[in-house]
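Data block below; observations after.
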Amino acid sequence: MSRIFITGSTDGLGLAAARTLMKEGHDVVLHARSRERASAIAETSAAALGIVIGDLASATETRSIAEQVNAIGRMDAVIHNAGIYLERSRGETPDGHAKTLAVNVLAPYLLTTWIARPDRLVYLTSGMHRSGSSALDDIDWKKRPWNASQAYSESKLYIATLAAAIARHWPDVFSNAVDPGWVPTKMGGAGAPDDLEMGHLTQTWLAASDAGAAKVSGRYWYHRQQREVSAEVVDAGFQEAMVEKLAELTCVRLFEERG
């Protein structure tokens, strides 16, 4: 039995992953953006180990989420599932960042730093990461005209890169990136063509399976199959430059703080 924390687990893939893991007998800690969203899954949360509440668009609330998780106890795995898709505008988080970057990249980066290090880390990315720009001078969209699709693609490039960087820096942790496919969730839309069940089963497998095939690190997965990833993701120089940029934006250093 494993203890697993899943961000964004009040609906969609996160909720499906949570229910699957709970049925398998694992202790799951859920996450909701607000108390209202938490109340919508009262039946599921009643069977969970716990539920933490906080908005990932805010660094202060993200810190609180980490503290709530740590108060429950050390996790065996963390699934960084939460994300947003096509935002109509750049937005402005309480910390002044573009909302897509804050939720999809800065929040998992901060949670990885602040949550007691687990044995396994799973980060949700997308095949759209291949359209992301490797230029890092304006990842917060302060200079460029807003482009929702490009911002999303770049965020998924950065999160896949983060997973690969962690695998390289922390050899004692299994860190992987998962493309769940274009699945019919609230984010993906009812007409999405991929298999909804397979959309979450790779995450649960990587987070909890004792199978040797699941105990690997630095890989990019789609429906339990390893896939090729863009060249930037596996480039150590790009990894270091991107992590440095995230440290600059958050004033938090992942690897220096955690060794």
Side-chain angles (χ1 to χ4, degrees), residues 6-16 31-38 40 53-65 79-112 123-163 177-194 196 199-200 203 230 232-233 242 245-246 248-250 252:
I6 308 173
T7 65
S9 40
T10 59
D11 62 16
L13 294 175
L15 181 57
H31 161 249
R33 186 173 66 243
S34 64
R35 295 194 180 279
E36 291 74 21
R37 290 182 70 83
I53 297 172
D55 189 344
L56 293 171
S58 160
T60 299
E61 293 197 35
T62 299
R63 185 66 187 248
S64 174
I65 292 168
I79 300 176
H80 291 279
N81 165 82
I84 54 177
Y85 188 32
L86 300 180
E87 290 291 294
R88 293 183 178 180
S89 66
R90 176 185 182 274
E92 185 86 356
T93 71
D95 310 289
H97 301 302
K99 190 175 180 182
T100 298
L101 179 75
V103 174
N104 292 3
V105 185
L106 301 184
Y109 171 84
L110 291 171
L111 289 176
T112 302
Y123 298 87
L124 262 67
T125 181
S126 165
M128 289 177 67
H129 84 274
R130 296 182 180 88
S131 300
S133 170
S134 60
L136 296 171
D137 59 314
D138 189 31
I139 73 171
D140 209 1
W141 290 85
K142 290 188 174 181
K143 304 172 185 176
R144 295 176 288 172
W146 179 250
N147 183 316
S149 179
Q150 186 64 24
Y152 178 79
S153 296
E154 290 178 9
S155 76
K156 292 306 179 179
L157 170 64
Y158 305 148
I159 204 65
T161 302
L162 178 64
V178 175
D179 171 10
W182 183 10
V183 292
T185 60
K186 184 169 65 176
M187 178 186 290
D194 276 344
L196 180 60
H200 73 272
Q203 294 90 283
S230 70
E232 294 90 346
V233 171
M242 189 213 66
K245 177 62 71 171
L246 299 185
E248 176 187 316
L249 290 174
T250 61
V252 172

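Positions are given from 1 along the sequence. Excluded from the calculations below are hydrogen atoms, water molecules and symmetry mates; all remaining heavy atoms, backbone and side chain alike, are included.
Leu249 has its side chain within reach of Ile139: a pair of non-hydrogen atoms, C-beta onward, lies under 4.5 Å apart. Proximity of Ile79 to Leu124: side-chain heavy atoms (C-beta onward) are separated by under 4.5 Å at one or more points. With a 4.5 Å cut-off on side-chain heavy atoms, Leu136 and Tyr158 count as touching. The closest side-chain heavy-atom distance from Asp95 to Thr250 is not below 4.5 Å. Counting heavy atoms from C-beta outward, Pro94 and Thr60 have side chains that stay 4.5 Å or more apart. Counting heavy atoms from C-beta on, the side chains of Leu157 and Val233 come closer than 4.5 Å. Inter-residue side-chain proximity for Lys142 and Arg90 is flagged as met; some heavy-atom pair is nearer than 4.5 Å. Within the 4.5 Å cutoff, the side chain of Met128 has heavy atoms near those of the Tyr85 side chain.
In this structure, Trp146 CH2 and Thr100 OG1 are separated by 4.0 Å, a value rounded to the nearest 0.5 Å. Atom CD of Glu87 sits about 12.0 Å away from atom CG of Leu101, to the nearest 0.5 Å. Expressed to the nearest 0.5 Å, how far CZ of Arg33 lies from OG of Ser9 amounts to 12.0 Å. In this structure, Ser155 OG and Lys99 NZ are separated by 13.5 Å, a value rounded to the nearest 0.5 Å. Distance check, rounded to the nearest 0.5 Å: CD1 of Ile53 to CD of Glu61 gives 10.0 Å. Atom-to-atom distance recorded for Ile65:CD1 and Asp55:CG is 7.5 Å, nearest 0.5 angstrom.
Between the side chain of Asn81 and the backbone N or O of Gly8 there is at least one donor-acceptor pair closer than 3.5 Å. The main-chain N or O of Ser131 is found under 3.5 Å from a side-chain atom of Gln150 such that the two form a donor-acceptor pair.
Contact record, Asp137 with Lys143: O-NZ, 4.1 Å, taken as the closest heavy-atom pair. Among all heavy-atom pairs drawn from Thr125 and Ala177, the shortest one is CG2-CB, 3.9 Å. Between Leu13 and Pro180, the shortest heavy-atom distance links the atoms CD1-CB, 3.5 Å. Across every non-hydrogen atom of Asn104 and Gly83, the tightest pair is OD1-CA, 3.2 Å. Here the closest heavy-atom approach between residue Ala82 and residue Thr7 is recorded as N-OG1, 2.9 Å.
Checked against side chain to side chain donor-acceptor pair (under 3.5 Å), Tyr123 has the following partners two or more places apart in sequence or in another chain: Thr112. Contacts of His31 classified as side chain to side chain donor-acceptor pair (under 3.5 Å), with partners at least two apart in sequence or in another chain: none.
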- Any chance you could lay out the side chain to side chain contact (heavy atoms under 4.5 Å, CB included) test for Thr161 and His129, step after step, and finish with the verdict? CA-CA 10 Å; Thr161 302; His129 84 274; over 6 Å; no
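Between Asp179 and Lys156 there is no salt bridge, since no side-chain nitrogen of the basic residue lies less than 4.0 Å from a carboxylate oxygen of the acidic one. Taking the charged nitrogens against the carboxylate oxygens, Arg144 and Asp138 do have a contact shorter than 4.0 Å, which makes a salt bridge.
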